K.L.:
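Here it is, the structure, as structure tokens.
Quick note: numbers below take in every heavy atom, side chains included, and nothing from hydrogens, waters or symmetry partners. Because the structure is predicted, anything quoted here is derived from the model rather than measured.
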Amino acid sequence: MASFGSKVTLLQKTLNRQFVGISLDKREDNVIVTFENNVTIYDTYNKRVVQSWSVSRGQKITSPTIYNKDDDEYAFVVNGKVIHTNSEDNFDKLKKFTKHFLVIYNTNTEENMKLSVEYSSCQLCSACFHSTTNQTIVFVSLWDNGMIFKSIITSQTLQTKTFDYTKVANVALLQVKDTSFSLLTQLSEDLIAVVCQENEKTCIAIYDLQFGLCHHKIFNVSQNLQIQALRDQVVLIENGGISSIPFKTNPVNLMSAYKKENENSIKLNQVSWSTNTSKVLETKKSIEKHMSILISSLDASQLVKSWKAVWKSQSESQRQVFVLSPIVSQLLIRITDDNLWLSELIEIILSTGLVSSSICPQLIQKVLKHEDLSLLSICLKQLQNISETDLVLCLDFFIKSKKLQTKARNNEEDEFLETILSLPYNESNMRDAVGALSLTQIVVFLEALNVRLGKCSLKSDKLVVSWDQIISWICLLLDAHFTQIVVSPESWEVLVQLQETVNTQVEIFQEIYEINILLTKLQESFRRSRKPNRFTYRIEQWTI
């Protein structure tokens, strides 16, 4: 976990210089600021420039400058191909290499190893790495599709010259033209910070490498943003200026992964203590193991088994909290990924009836992409708080698949459409959402509503969609597309059909109203003409 302080300005906006990166210097208060044509060592405490170098005309620095304490020299890359090194006086050492290779240099043997960094057909946007105590390197990479991967590099990796990519998270990446390698930085062995988007706003998201959960987000930053972690500060480069945010980190473990900003921690299991302490501890460890699987595993059978075990171990109140937790949110995001897609587990989770669409906003869109009509029906019946936009997307899917246009529709298709029509919605939001439908789709939808309106002449408990709901949908569509419907000849036929149906409805209701009047009069007349069941009697006593 990480906590952050207030932002402090280090360096005001610099003119006519394109920023490349920032790194630590050999002196504690100094930082190395790299621009495309210049390297500046800046004293953050006294707010002054200590030293500065420039490259020759025609050369462009393409990487942050780093300080090598073993050789007491500085190094950076020029034009993406040549490594320049210097010892504060001259840039006298040159080494050429090809971009998008990870070069590992052994200072003891003075040997280097070059590893290819490739993932599918994606472009590498940013990367960071750190060494661990067991002589391994953790390499974290960010790609232009928003995927963040963790790769463990060991001595065996150097021999095979290949390494695996383990998914950490998937973020909404900024639309950047230049891969400046400053969108991702390492805060600690457990935590990384990445520049991404949320609701079209730029933010810095903090993820842990062990569970792939987002622990914190920093907003109020500019769109043109690059970041770099230096000691206990996150340095922000915004619009040419440099500022910093102090932070503190704590080790990430299974328990801390259940916490999120401004949320209470989630109880994993209601333990019933007894004299058999070993059995209780064994049960607790088992649940924690299943939780760990839910957070990180990609095995379908393991995930299903662990979900059932965790769900069974919790009380009803714990379940209600659990389904709203970051764990379930991240689990749904992972199992709805195109590379995994576990429809069985999705169905099991939704069948709880406690899942809100807010914890996985892209769920219905993912289901629509896979064209899984059965799973989509479960989403509509079990998922809570479905947005008006998602409801319209479901209608759009149904219309485009021409389900509404075929006369021979099966019960499943009718049930699907009726479920959509019966769900609650906000009229203002829905009016905006249906505005995205084309006129052709509106016509097809009105035809389907017209058919159902004809079946709702009388109210019945067997009807899924009520007469009021049908009328509300028709009025909503006509209101949202009024001008377009009136001036477009292709919509006139369905308007005539609707008018005929409405006229029929009016005639039926008028007849029912008149019959109701007659029945009422007959009932009142019967009550007036009906005499009470009374009789008089007399008792006489005769004496003989």
K.L.:
Identify the heavy atoms of Asp337 and Lys167 that sit nearest to each other, and give their distance.
P.N.:
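Shortest heavy-atom separation between Asp337 and Lys167 comes out as OD1-NZ, 3.5 Å.
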K.L.:
Going by heavy atoms in the side chains, are Ile204 and Leu225 under 4.5 Å from each other?
P.N.:
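Side chain of Ile204 against side chain of Leu225, heavy atoms only: contact under 4.5 Å found.
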K.L.:
Any side-chain to backbone donor/acceptor pair from Thr65 onto Phe76? Under 3.5 Å, distance only.
P.N.:
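Answer holds: no.
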K.L.:
Is any side-chain heavy atom of Arg334 closer than 4.5 Å to a side-chain heavy atom of Leu342?
P.N.:
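The answer is no, as the side chains (C-beta and beyond) never meet within the 4.5 Å cut-off.
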K.L.:
Quick one: does any side-chain atom of Ser313 pair with a main-chain N or O of Val310 as donor and acceptor, under 3.5 Å?
P.N.:
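Side chain of Ser313 to backbone of Val310, a donor-acceptor pair under 3.5 Å: yes, one is there.
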K.L.:
To the nearest 0.5 Å, what is the distance between OG on Ser387 and CG on Asn429?
P.N.:
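So the gap between those two atoms works out to 9.0 Å.
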K.L.:
Closest approach of Thr202 and Ser222, non-hydrogen atoms and distance?
P.N.:
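Heavy atoms only, the tightest pair is CG2-O, 3.5 Å.
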K.L.:
For the side chain of Gln484 and the backbone of His481, is there at least one donor-acceptor N/O pair under 3.5 Å apart?
P.N.:
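Pair absent, no side-chain N/O of Gln484 close to backbone of His481.
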K.L.:
Between atom NZ of Lys248 and atom OG of Ser188, what is the distance when rounded to the nearest 0.5 Å?
P.N.:
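So the gap between those two atoms works out to 14.5 Å.
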K.L.:
Which pair of non-hydrogen atoms, one from Val392 and one from Met430, has the smallest distance, and what is that distance?
P.N.:
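For Val392 versus Met430, the nearest heavy atoms are CG2-SD, 3.6 Å.
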K.L.:
Looking at CG of Leu187 and CD1 of Ile206, how far apart are the two atoms once the value is rounded to the nearest 0.5 Å?
P.N.:
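Those atoms lie 5.0 Å apart.
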K.L.:
Between CG of Leu477 and CG of Leu437, what distance do you get to the nearest 0.5 Å?
P.N.:
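Here the interatomic distance stands at 7.5 Å.
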K.L.:
Mind telling me whether Trp473 and Phe445 have parallel, tilted or perpendicular rings, with 30° and 60° as the class edges?
P.N.:
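Correct class here is perpendicular.
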K.L.:
Have a look at Cys196 and tell me which of Asn170, Leu173, Val171 forms a side chain to side chain contact (heavy atoms under 4.5 Å, CB included) with it.
P.N.:
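For Cys196, the side chain to side chain contact (heavy atoms under 4.5 Å, CB included) check succeeds only for Val171.
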K.L.:
Take Ile348 and Trp311 through the side chain to side chain contact (heavy atoms under 4.5 Å, CB included) test and state the conclusion after the steps.
P.N.:
CA-CA 11 Å; Ile348 293 174; Trp311 191 256; over 6 Å; no
K.L.:
Using modelled atom types and a 3.5 Å cut-off, is there a donor and acceptor pairing between side-chain atoms of Thr34 and backbone atoms of Pro64?
P.N.:
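Not at all, since once roles are kept as given, no pair shorter than 3.5 Å links the two residues.
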K.L.:
Are Glu189 and Val138 close enough, and set up right, to give a side chain to side chain contact (heavy atoms under 4.5 Å, CB included), and what steps lead you there?
P.N.:
CA-CA 9 Å; Glu189 290 188 3; Val138 179; over 6 Å; no
K.L.:
Between CG of Asp479 and CZ of Arg431, what distance do you get to the nearest 0.5 Å?
P.N.:
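It comes to 4.5 Å.
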K.L.:
What heavy-atom pair brings Glu36 and Val20 nearest, and what distance separates the two atoms?
P.N.:
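Glu36 and Val20 have their closest heavy atoms at N-CG2, 3.6 Å.
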K.L.:
List, one per line, each side-chain donor-acceptor pair under 3.5 Å for residues 141-150, sequence neighbours excluded.
P.N.:
{"unit_1": "Ser141", "atom_1": "OG", "unit_2": "Trp143", "atom_2": "NE1", "d": "2.9"}
{"unit_1": "Asp144", "atom_1": "OD1", "unit_2": "Gln123", "atom_2": "N", "d": "3.3"}
{"unit_1": "Asp144", "atom_1": "OD2", "unit_2": "Gln123", "atom_2": "N", "d": "3.3"}
{"unit_1": "Asn145", "atom_1": "OD1", "unit_2": "Met147", "atom_2": "N", "d": "3.2"}
{"unit_1": "Lys150", "atom_1": "NZ", "unit_2": "Leu209", "atom_2": "O", "d": "3.2"}

K.L.:
Just so I know, are the side chains of Trp307 and Val328 near enough to count as touching, which here means a heavy-atom distance under 4.5 Å?
P.N.:
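A side-chain contact under 4.5 Å exists here.
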K.L.:
State, with a plain yes or no, whether a side-chain heavy atom of Leu478 is found less than 4.5 Å away from one of Leu446.
P.N.:
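Side chain of Leu478 against side chain of Leu446, heavy atoms only: contact under 4.5 Å found.
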K.L.:
Between Ile364 and Cys394, does the side chain to side chain contact (heavy atoms under 4.5 Å, CB included) criterion hold? Intermediate values first, please.
P.N.:
CA-CA 8 Å; Ile364 286 184; Cys394 293; 3.8 Å; yes
K.L.:
Do the side chains of Val355 and Gln382 get nearer than 4.5 Å, heavy atoms only?
P.N.:
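Counting from C-beta outward, Gln382 and Val355 never come under 4.5 Å.
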K.L.:
Can you tell me how far CD1 of Ile442 sits from CD of Glu447, rounded to the nearest 0.5 angstrom?
P.N.:
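The CD atom of Glu447 sits 12.0 Å away from the CD1 atom of Ile442.
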K.L.:
Mark yes when over 12 heavy atoms from residues, nucleotides or ligands other than Gln320 sit less than 6.0 Å from its CD; otherwise mark no.
P.N.:
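Yes, enclosed.
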K.L.:
Check Ser244 against Gln233 and note the closest heavy-atom contact, atom names and distance.
P.N.:
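Between these two residues, the closest heavy atoms are OG-OE1, 2.7 Å.
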K.L.:
Do Thr336 and Trp341 come close enough that some side-chain heavy atom pair is under 4.5 Å?
P.N.:
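Yes, side chains in contact.
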K.L.:
For a side chain to side chain contact (heavy atoms under 4.5 Å, CB included) check, start with the C-alpha distance between Val140 and His130, then their side-chain angles and the critical distance, and finish with the verdict.
P.N.:
CA-CA 9 Å; Val140 184; His130 73 276; 5.9 Å; no
K.L.:
Quick one: closest heavy-atom pair of Thr185 and Cys128, and the distance?
P.N.:
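Where Thr185 meets Cys128 most closely, the heavy atoms are C-SG, 4.0 Å.
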K.L.:
Do Leu363 and Asp390 come close enough that some side-chain heavy atom pair is under 4.5 Å?
P.N.:
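Not in contact.
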K.L.:
I'd like to check Val31 versus Val235 (side-chain heavy atoms, cut-off strictly below 4.5 Å). Are they in contact?
P.N.:
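They are not in contact (no side-chain heavy atoms under 4.5 Å apart), so the answer is no.
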